[in-house]
K.L.:
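Quick one: structure below, then a few questions.
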2 protein chains.
Amino acid sequence: MAKLLTAIVDDHPIVIEGLKVLLQNEENLQLVGGFCNGSAILSYISTNQVDLILLDITLPDINGIELCQQIKDISIATVVLILSNHTERSIIMQTIQNGASGYLLKNSSVDELRHCISEAVKGNICYSKEVMEIISRPSKNHIQDMPRLTRREKEILALIAAGKTSQVIGQELFLSPLTIDTHRKNLIQKFGVKNVAELIMTATQQQIL
Amino acid sequence: MAKLLTAIVDDHPIVIEGLKVLLQNEENLQLVGGFCNGSAILSYISTNQVDLILLDITLPDINGIELCQQIKDISIATVVLILSNHTERSIIMQTIQNGASGYLLKNSSVDELRHCISEAVKGNICYSKEVMEIISRPSKNHIQDMPRLTRREKEILALIAAGKTSQVIGQELFLSPLTIDTHRKNLIQKFGVKNVAELIMTATQQQIL
DNA sequence: TTTTTTCTACTGATTTTTAGGTATTTTAAT
DNA sequence: ATTAAAATACCTAAAAATCAGTAGAAAAAA
């Protein structure tokens, strides 16, 4: 069996170097490189074969969730394993939805990493212990998932978070302030909150802002 | 010259392992261990000599900023170098105030890490390039430091973030709603924002909520 | 092409917040 | 013991947000 061509994508050089060393002794892995951003790995896989990618969510250019999708678009056979610090249920789910084969937190043990890699290349989906708990029994912080927001809603949410009133937002977007009020109302309803204070709080917790 | 006895404190095993390997070839360093939490390193240094500690801010038990102080209380000669992801000016300043000899972001290059270690053990304070920029020319996100909030203000800020109105907060704290309005006003003024939306946004960005 | 979703805009009433202040009491620090 | 800071509470008035609806036009999906 040929060695798995493996790439690491993480914005922390130290993590990349660390993972490289940790994995260089693995019998069935062949490291092809470490990448600090999304475009680097995308351009690499367009011309080179990569069997396995260890992918971080937080990257300087592209969001890891979308990057996952783009990787699978270019190379459907490449197995993507997420290695992230984000503990939000919705983020985990989105990555799997976008074709990832597993999700580990960075505080996973090295054994867990090894195990998940071997499961993932077998075609199974694999989570680290802690992630398994997050997706199984939703605890206090992970009760509600992120509501689906429309483009306009996201735009207006950001402007509200910047402290702008409906009047001002209306002027900026060339819309009636009454329209902004409607969006405001819909945002509050979608998030199931009582007012903007709670709205902004919830949205930031869910990484929307 | 004897080798520097060096410890790594980070809640990510992968980072610990990575740093270990990266530093094991350094001539003048002798790694004494990796620690996943604050109490582990504290109990270690009470009975063992440690010359240099690479310290993360986010830890499962104790906050790294306070841990830094506690380390220096036990062993004033131990050099502490912060290795963190937090880019908030106030956090950086607090660690230095608490006795740290330098601050690096985790996306620093390995060379920068080496350089900062050598500077720190010489007795100098050393920052990575990016951190230097944060503390030198405060950019958009780091303009204002965290204002000093009183106990009451923090308490009320949290209740506002939970979506409660002044009426409700007043009832809960057995205070006049007018008093809550005053605190609300003071919070908005202290943070230099226009309304609660921006207040909550700013407060979360500065890790106060 | 039809259906559904999103975006737009409105009415009217009510609640809440914000802006300008002032002022007394309590608590903490010197 | 004195000073400074924090916490309390109030007034007036304007601005903004929230609630509870409806509804047409545009865009996207089926």
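For the numbers below, each heavy atom of this structure counts, side chains included, while hydrogens, waters and symmetry mates do not. Labels below follow one simple rule: chain letters A, B, ... track the order of the sequence lines, proteins then strands, and each chain is numbered from 1.
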K.L.:
Using a cut-off of less than 4.0 Å, is there contact between a side-chain N or O of A:Thr179 and OP1 or OP2 of C:dA9?
P.N.:
yes

K.L.:
So which atom in A:Val79 and which in A:Ala120 form the shortest heavy-atom distance, rounded to 0.1 Å?
P.N.:
CG1-CB, 3.7 Å

K.L.:
Among D:dT18, D:dC10, C:dT16, which is the nearest nucleotide to the side chain of B:Leu178?
P.N.:
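Closest of the options to the side chain of B:Leu178: D:dC10.
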
K.L.:
Measure from the side-chain N and O atoms of A:Asn195 to the backbone N and O of A:Glu198, and report whether any donor-acceptor pair falls under 3.5 Å.
P.N.:
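Present.
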
K.L.:
Without swapping roles, check the side chain of B:Asp11 against the backbone of B:Leu59 for a donor-acceptor pair under 3.5 Å.
P.N.:
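No.
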
K.L.:
Counting distance only, does the side-chain N/O of A:Asn98 pair as donor-acceptor with the main-chain N or O of A:Ile65 below 3.5 Å?
P.N.:
yes

K.L.:
Have A:Asp111 and A:Ser109 got a donor and an acceptor in their side chains that come within less than 3.5 Å?
P.N.:
no

K.L.:
Rounding to an integer number of Å, can you tell me how far B:Gln167 CD sits from C:dT14 P?
P.N.:
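B:Gln167 atom CD is separated from C:dT14 atom P by 16 Å.
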
K.L.:
For A:Arg151 and B:Glu153, take the nucleotide of DNA chain D holding the closest heavy atom to each; which residue's nucleotide lies nearer the 5' end?
P.N.:
B:Glu153

K.L.:
A:Ser75 side chain to A:Lys72 main-chain N or O, any donor-acceptor pair under 3.5 Å?
P.N.:
no

K.L.:
Can you give me the dot-bracket string for DNA chain D, 5' to 3', counting Watson-Crick and G-U wobble pairs with both distances under 3.5 Å, using [ ] for crossing pairs and | for partners on another strand?
P.N.:
.||||||||||||||||||||||||||||.

K.L.:
Is the phosphate of D:dA17 approached by A:Ser166 (side-chain N or O, under 4.0 Å from OP1 or OP2)?
P.N.:
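Yes.
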
K.L.:
Do you know which two heavy atoms are closest between A:Glu172 and A:Leu159, and how far apart they sit?
P.N.:
OE1-CD2, 3.8 Å

K.L.:
Please tell me if A:Ser176 has a side-chain N or O lying less than 4.0 Å from either OP1 or OP2 of C:dC10.
P.N.:
yes

K.L.:
Are A:Glu112 and A:Lys129 ion-paired here, with the side-chain N under 4.0 Å from a carboxylate O?
P.N.:
no

K.L.:
So, does A:His183 get its side chain near the phosphate of C:dT8, meaning an N or O under 4.0 Å from OP1 or OP2?
P.N.:
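Answer is yes, contact under 4.0 Å.
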
K.L.:
Taking only N/O atoms, report every protein-nucleotides 20-22 of chain C pair under 3.5 Å with atom names and distance.
P.N.:
from, atom 1, to, atom 2, distance (Å)
C:dG20, O6, B:Lys185, NZ, 2.6
C:dG21, O6, B:Lys185, NZ, 3.0

K.L.:
Rounding to an integer number of Å, can you tell me how far A:Arg184 CZ sits from C:dA9 P?
P.N.:
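It is 16 Å, rounded to the nearest whole Å.
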
K.L.:
Just how far, in rounded Å, is C1' of C:dT16 from CD1 of A:Ile188?
P.N.:
12 Å

K.L.:
Between P on C:dG12 and CG on A:Asp181, what's the gap in Å once rounded to a whole number?
P.N.:
16 Å

K.L.:
Go nucleotide by nucleotide along DNA chain D from the 5' end; which of A:Lys164 and B:Arg152 gets its closest nucleotide reached first?
P.N.:
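So the residue in question is B:Arg152.
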
K.L.:
Restricting to non-hydrogen atoms, name the atom on B:Met132 and the atom on B:Tyr127 that form the minimum distance, rounded to 0.1 Å.
P.N.:
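The answer is SD-CD1, 3.8 Å.
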
K.L.:
For A:Asn195, report the nucleic acid contact type (base, sugar-phosphate, nothing); a contact means any heavy atom under 4.0 Å.
P.N.:
sugar-phosphate

